[in-house]
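Computed from a prediction, not measured in an experiment: that's the story for all the values here.
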Amino acid sequence: MRLITWNINSVRLRLNTVKRIVKKFQPDVLCLQETKCPDDQFPFKEFEDMGFVSTKIYGMKGYNGVSISSKLPITSTEKKKFCRKNDARHISAYINCKGRKIKVHNFYVPAGGDEPDTKVNKKFKHKLDFLKEAENWFTKKRAKNKDLIVLVGDLNIAPHELDVWSHKQLRNIVSHTQIEIDKLLKFQNSFKFIDAVRFIHGYDKKLYSWWSYRSKDWKKSNRGRRLDHIWISKKLLPHLKDVSIEEEIRGWKRPSDHVPIIVDLDLS
DNA sequence: ATGGTGGTCCTACCA
């Protein structure tokens, strides 16, 4: 099973790009974040034409929004609200693959604003509260849950030193502060998730999945961050075959500021 | 040096 996660930054604006990506990489499952599309305006027909028999969405007007599209049957869907908000930041689905049921969680974690101080910045507080709630949710699930789980999405945190272009210069910048990193790793550990990207590629090289729009030449300056993640439950580890970050897509025409990440799982 | 750019949707908000 091949799964792609991508912060598309508007599904309607980048329909042709997503078609190109699906054609090139042939994913079985596609998880999108920041679809920025109300549910009644989602381009279902175009996703069907790409070969996805099922597309489940949780969208809203203007911001946020997540979706899971699959060429394999989806049996059930859940949309969880965090922090008592209806802000379309999570959707999950069971996907049937070769007689196995895979649970896919797709997250769009709040970005958190600019000031890394919960007292003056309520967006930063929201981000930390969101992570805490996610941690608690998976802690409760851990004891009894036997699912094969893939958790993906734009988690808006670059947890390791080589997940940013300069650890020293970004340690007080939202997305790489110690308090966020601690919260993210606690969330990850709540279900003993494995960071599939680092498992495959190791911890000793810089890896980015996002480059700001606000630079003249993203490639030349290469000031990226690894904000997008693929985590797998321990039971899936024997099935993990490969992970790739498709950097070159940042250089395509009218790009998202994030690039797709691909994971290959052998479920035969 | 406190910008810069790019989304949605109409004026400001979000990243």
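The stretch residues 159-167 of chain A does not touch DNA chain B, since none of its heavy atoms comes less than 4.0 Å from the strand. Within residues 57-68 of chain A, the residues that place at least one heavy atom under 4.0 Å from DNA chain B are, in residue-number order, A:K61, A:G62, A:Y63.
Taking for each of A:G113 and A:Q41 the nucleotide of DNA chain B with the nearest heavy atom, the 5'-most of the two is the partner of A:Q41.
Nearest approach of A:L162 to A:Y208, heavy atoms of both residues: O-CE2, 4.4 Å.
Not counting sequence neighbours, the partners of A:K36 by the salt bridge (Lys or Arg N to Asp or Glu O under 4.0 Å) test are A:E34. The side chain to side chain contact (heavy atoms under 4.5 Å, CB included) test applied to A:K219 returns A:D217, not counting sequence neighbours.
When base pairs are accepted only as Watson-Crick or G-U wobble with both N-N or N-O distances under 3.5 Å, DNA chain B takes part in stems of 3 or more pairs at B:5-8 with B:12-15.
A cation-pi geometry, defined here as NZ or CZ lying under 6.0 Å from the six-membered ring centre and within 45° of its normal, does not hold between A:K206 and A:W165. Geometrically, A:K141 engages A:W137 in a cation-pi contact, judged by NZ or CZ lying under 6.0 Å from the ring centre and within 45° of the ring axis. Cation-pi geometry between A:K23 and A:F25 is not satisfied (NZ or CZ under 6.0 Å from the ring centre, within 45° of the ring normal). Cation-pi geometry between A:R20 and A:W252 is met: the NZ or CZ atom falls under 6.0 Å from the ring centre, inside 45° of the normal.
Annotation: side chain of A:V104 is in contact with side chain of A:C31 (closest heavy-atom distance under 4.5 Å). Residues A:K79 and A:K56 are not in side-chain contact: their nearest non-hydrogen atoms beyond the backbone lie 4.5 Å or more apart.
A donor atom on one side chain and an acceptor atom on the other are found under 3.5 Å apart for A:Y213 and A:N9.
Atom name P, nucleotides B:dC9 and B:dT5: the rounded distance is 23 Å, in whole Å.
By the 30° and 60° cut-offs, the orientation of the rings of A:F44 relative to A:F42 is tilted. Relative ring orientation between A:H258 and A:W210 is described as tilted, the plane-to-plane angle lying within the 30° to 60° band.
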Table of protein N/O atoms under 3.5 Å from nucleotides 1-4 of chain B N/O atoms:
residue, atom, partner, partner atom, Å
B:dG4, O6, A:R214, NH1, 3.2

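Residue A:R171 places its CZ atom among 12 or fewer non-hydrogen atoms of other residues, nucleotides or ligands, all under 6.0 Å distant.
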